[in-house]
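Take a look at the structure set out below.
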Amino acid sequence: MDTPTLARITPGISRLEETGLNEYDAIADVKIGPVKASFKGKLTLSDLIENESFFLNITQNSKIGNVAGKVGINLKKLDANQTELSFDGKANFSGTLASKGARIISGVASSLTKQFFKELHTEIEARDFPEIKEDIIKHSTRNSISMSHEITIKLNGQDKSVTVESRDLLVDVLRDKLRLTGTHIGCDTSSCGACTILMDGKAVKSCTILAVQADGESVQTVEGLATNGEMHPIQNGFKEEHGLQCGFCTPGMMMTAVDLLQRNSNPSESEIREALEGNFCRCTGYHNIVRAVQHAATNM
Ligand code: FES
Ligand code: FES
């Protein structure tokens, strides 16, 4: 596709300059809700199969955020008289732009996509492709949008920044992105407590919290209990009182117990059992776990 054609069919393009084979520097002006933003970045065409398909790759940055997208365009001959024009688009938004709200972004993306499709359709109709008999050109479109956010968590005393998607659960980000696998996942119903961590000092089930909700908060996981190579009293308690067998529930049990002991330095047995009622153990049984917490209470 030549540069003037690409500039004509791509919505919002105010400048397009070829920098290499199928590579372009682009400036696009787009209105997002009440805000008019100028985006600067690259467009590339890839996987070109003449008269059949290609990908349009978009990387654009602006003061209000970034967009990375990929649109696959396909022409498929249905029969002697019909060719189907279709495309799939995926876009990922980050920065302030991502916090504008899915509805606005989705509306803008959908209208840009429709505009692009219309221009492409017109362009194809205006040309005489001998391979494409286009008495009728049908079309179908699909697109998906995701949003990413850069969040910063004070994690076990250190600031950690990580890029997450709006839908990411905190437990998944801790385990998969920050590689703190001491926080476990034992259910998908907020029942077992294996994922318990401390957020701002309070025990919470990290499978019920979105990672974006932890932005700016202080988070402590089981990895943050020991200090200078010395085990925390709760860890000692579980060790001394044989409070674990397989250990799967143990990180969550300990974090819940730490929350309790911060609020109540000398809990009764029934207070310990009540505090731990949201944490399940399938192999040790609860007697030794209660003793482990009592052991910790006397050593804190
Ligand atoms: Fe969170 Fe079970 S994994 S409560
Ligand atoms: Fe195995 Fe609790 S120690 S589930």
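Both counts, for ligands and for their atoms, begin at 1 and track the order of listing.
Between Val67 and Asn92 the shortest side-chain heavy-atom distance does not fall below 4.5 Å. Within the 4.5 Å cutoff, side-chain heavy atoms of Asp168 are placed close to those of Lys177.
Of all protein N, O or S atoms, those under 2.8 Å from atom 1 (Fe) of ligand 1 number 2. Counting only protein N, O or S atoms closer than 2.8 Å to atom 2 (Fe) of ligand 2 gives 2.
With a 4.5 Å cut-off between side-chain heavy atoms of Ile, Leu, Val, Met, Phe, Trp and Tyr, the cluster of Met231 takes in none.
For the atom pair OH of Tyr24 and CG of Asn57, the computed distance is 12.0 Å after rounding to the nearest 0.5 Å. Taking CD from Glu18 and OG1 from Thr3, the interatomic distance works out to 4.0 Å, rounded to the nearest 0.5 Å.
Pairs engaging residues 256-266 under the salt bridge (Lys or Arg N to Asp or Glu O under 4.0 Å) rule: Asp259-Arg263 [sequence neighbours left out].
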Derivation and outcome, salt bridge (charged side-chain N to carboxylate O under 4.0 Å, His left out), residues Arg273 and Glu271: CA-CA 5 Å; Arg273 287 185 184 274; Glu271 285 170 331; over 6 Å; no

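Under a 3.5 Å cut-off, the side chain of Thr152 and the backbone N or O of Gly216 do not form any donor-acceptor pair. Judged by distance alone, with hydrogens and angles left aside, the side-chain atoms of His184 form no donor-acceptor pair with the main-chain N or O of Cys195 at under 3.5 Å.
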